[in-house]
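Computation of the quantities below employed the complete heavy-atom set of this structure, encompassing side-chain atoms and omitting hydrogens, waters and symmetry-equivalent molecules. All chains are named by letter (A, B, ...) in the order of the sequence lines, taking the proteins before the strands, and each is independently numbered beginning at 1. These numbers come from a predicted model, not from an experiment.
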Amino acid sequence: MQTSSDATIAVHVDDISKQYRLGTARSSIREVFSGVGRKILGKPSADAAGSFWALRNVSFDVKRGEALGIIGANGAGKTTILKILSRITKPTEGDIQLFGRFSSLIELGAGFHPELTGRENVLLNGVILGLSQKEVRKRFDQIVAFSELERFIDMPVKRYSSGMFARLGFAVAAHVDPDIMLVDEVLAVGDMSFQQKCYDLLTRFVRSGKTTVFISHNLFVIEQLCDRVVWLERGQVKMDDIPQRVLSGYLDSQEQRILEAAGKVEAEGSQDLWITGVDTLDAEGKERDWFAPDEDIVVRVRYATKGVVERPHFVVSISDGQGGSPLIIASMLVDSAAPSQVEGAGEMLCHFRSVPLRQRAYLIWGEVYDADRTRLLVNWQRLGSFRVVDESIDAGQAARGSIRHSRTDAPIRVPYEWKQK
Amino acid sequence: MELVDGIKELAKYRELLWVWSGRELKARYKQSFFGFAWAVFQPIALTLAFVVAFSYFIKIPSDGIPYPIFSYSAMLPWTFFVRGLSLGIPSIVQNMNLVTKIYLPRMIFPLASIMTSFVDYLCGLVVFIGMMIAYRVELTPAMLFIPVLFLIQIILMVGLTLGASALNVYYRDISQMVPILLQLWMYASPIIYPLSQVPEWLRPYYMLNPMAVLLNGYREVLFFNRLPDLWQVGLALAVSLVVLIIGYSIFKKVEARFADII
């Protein structure tokens, strides 16, 4: 099987595709007979339409000692790849090879039996994960210490909390000591301190020169741990490069998605006042949907009314797309700048000065209250979007971590300087 | 050839098979007061019922052997057969959370069911030995043939369980069918009645059933110190091997898709 002449390769994924059937995967006996009938008669199989490709022609290698991250939206095929790598399922086409003992962390404690005690389950799970009984016994104390479940180790695991369950599961899997570790999003279990422990252990594993394939939505973790990132989109490799480049491409596309979704917004309003359009202008009054950091941004809200509306209170805010909680807000409820009355079609401009935002996509949210500030004329909703582009960032050159700070962390930047004393 | 690879892989994972079977046993009898005694209750209860029904109410001939030990001698290996199959056939579906989450040779599940049934069988055997002493059944050289019969039974059980457990992933109808088929199969085998009661003309067909050969064989060597008809034993072995090869091929063919289907 050792067809790869390159001894530095730990995982070889060669042009794999995976097809799944849609609908009921299980066919009834009647269907099978009709399928056989069709085959004999040379009619096309009924399956052809009801299937989809979870992976299509995916190839990549992982070098010995390399930590590879796989990112992608839900349904991009990340978990399918991991299942194929861990031999849970086979690719429809193509071939994979793993050189060395592997352990997969797809679901923690998957082999646990609820009736058995923690102790019995550790022994059992260790053997399931590929250790010999002797090896498990040798590591038993370490495993239990890591899980911090010494007091509960002789209790049936059905009485464990889900956090305890996962902790024990992780503790066993982490002590299998494989050459290749396959990790699905499993760090999101347990409390903060246990998560940190898992993260530390993975870091140590990666640093000790073991091969790791790592799936996560947590770009922070991916960037910290991985030497290389594969970005999957609809079952295909969209990008395969160093984390800085891939993450920045991935973030761009996610922003694009946010912007596209925002572009479709049709603002609703009450009978009295409604919004007909929202866009962004620069300080000179030119329409623009991108800005440099610290530039002025003018949000223009076009509205129309039926008859006269007394003292409408406009609220305009800027958020970075995570749930719509505002980073910056301009509210007539606070500044009492509401116009005394409006009638017919009009525009309300809100001029934000030197907006201290970092590079990424932002959303504009807003609402309009009536004269008494109690009734909403326009509900709180997404009204538009824009992007901040920082020309001074070069993704390719950026050091590890810098993308995270510029792209996923703190959106606001404030002038500062360092001083050593 | 394929079968050899399968045996090799099993050898590699024998420790897992061992540990997994232990887990199944422990889990089954945990929190049950009588524990392993349950393994013995089933064949004994059935035997008692047979004794009352077929030697007290209706007189079924038993070739001059006391009816309790006559029926238990067949009931014991038959219970092993039934338990192995009825635990093994749904075993892959029952362990689907594992099948879709971790790789381990999927053969482990049905095979472990047969292993745990074997442990139950051993418990029942203790009772049988007690009965042999009570009924003064003498040890005879013919009894050395028992392991041969037992091995054929294992081959048949493994073949049936592998094939049916794999198909059961696709068609859950299988596990619904199994109890009915086993019930019918019981009446088609010499358990409550002796082979001598089967009409002469029917015997050639009747003996195509390997379990008929085996169960009758156990009685021949236990009570009459004579070997069963070796042609029939050879036929039972041949049928069992064919079943094993077919069952194994089915298993191997669909195994790769278990995780996608469940």
Exercise. For A:K138, does the NZ atom have more than 12 heavy-atom neighbours from other residues, nucleotides or ligands under 6.0 Å away?
Worked result: no
Problem set entry | Part of A:T117 lying under 4.5 Å from any heavy atom of chain B | both
For this session: Heavy atoms only: give me the nearest B:W20-A:L124 pair and the separation to one decimal.
Result: CE3-CD1, 4.1 Å
For this session: Could you check if a side-chain atom of A:L123 sits within less than 4.5 angstrom of a side-chain atom of B:V19, using non-hydrogen atoms only?
Result: no
Problem set entry | Segment of B:L104 engaging chain A (4.5 angstrom heavy-atom cut-off) | side chain
Exercise. In terms of heavy-atom contacts, does CZ of B:R14 have more than 12 from other residues, nucleotides or ligands at under 6.0 Å?
Worked result: no
Exercise. Between A:K134 and B:E15, what is the shortest heavy-atom contact and its length?
Worked result: N-OE2, 4.3 Å
Exercise. So does B:D260 pair up with A:K90, basic N to acidic O under 4.0 Å?
Worked result: no
For this session: Work out which heavy atom in A:L116 is nearest to a heavy atom in B:R23; give both atom names and the distance.
Result: CD1-CG, 3.6 Å
Problem set entry | From A:H113 atom NE2 to B:E24 atom CD, the distance as rounded to the nearest 0.5 Å | 6.0 Å
For this session: Heavy-atom distances under 4.5 Å only: say whether A:Q133 touches chain B with side chain, backbone, both or neither.
Result: both
Problem set entry | Part of A:L129 within contact of chain B (heavy atom distance under 4.5 Å) | side chain
For this session: Work out which heavy atom in A:T89 is nearest to a heavy atom in B:A259; give both atom names and the distance.
Result: CB-CB, 4.2 Å
Seminar exercise, completed: In terms of heavy-atom contacts, A:A110 and B:N97 come closest through O-ND2, 3.3 Å
Exercise. Does CZ belonging to A:R234 count more than 12 external heavy atoms closer than 6.0 Å?
Worked result: no
Problem set entry | Atom pair NZ (B:K101) and NZ (A:K83), whose distance is rounded to the nearest 0.5 Å | 6.0 Å
Exercise. Using a cut-off of under 4.5 Å for heavy-atom pairs, which of A:S132, A:S103, A:S104 has the most such pairs with chain B?
Worked result: A:S132
Exercise. For the atom pair CG (B:L98) and CD1 (A:I88), what is the distance rounded to the nearest 0.5 Å?
Worked result: 9.0 Å
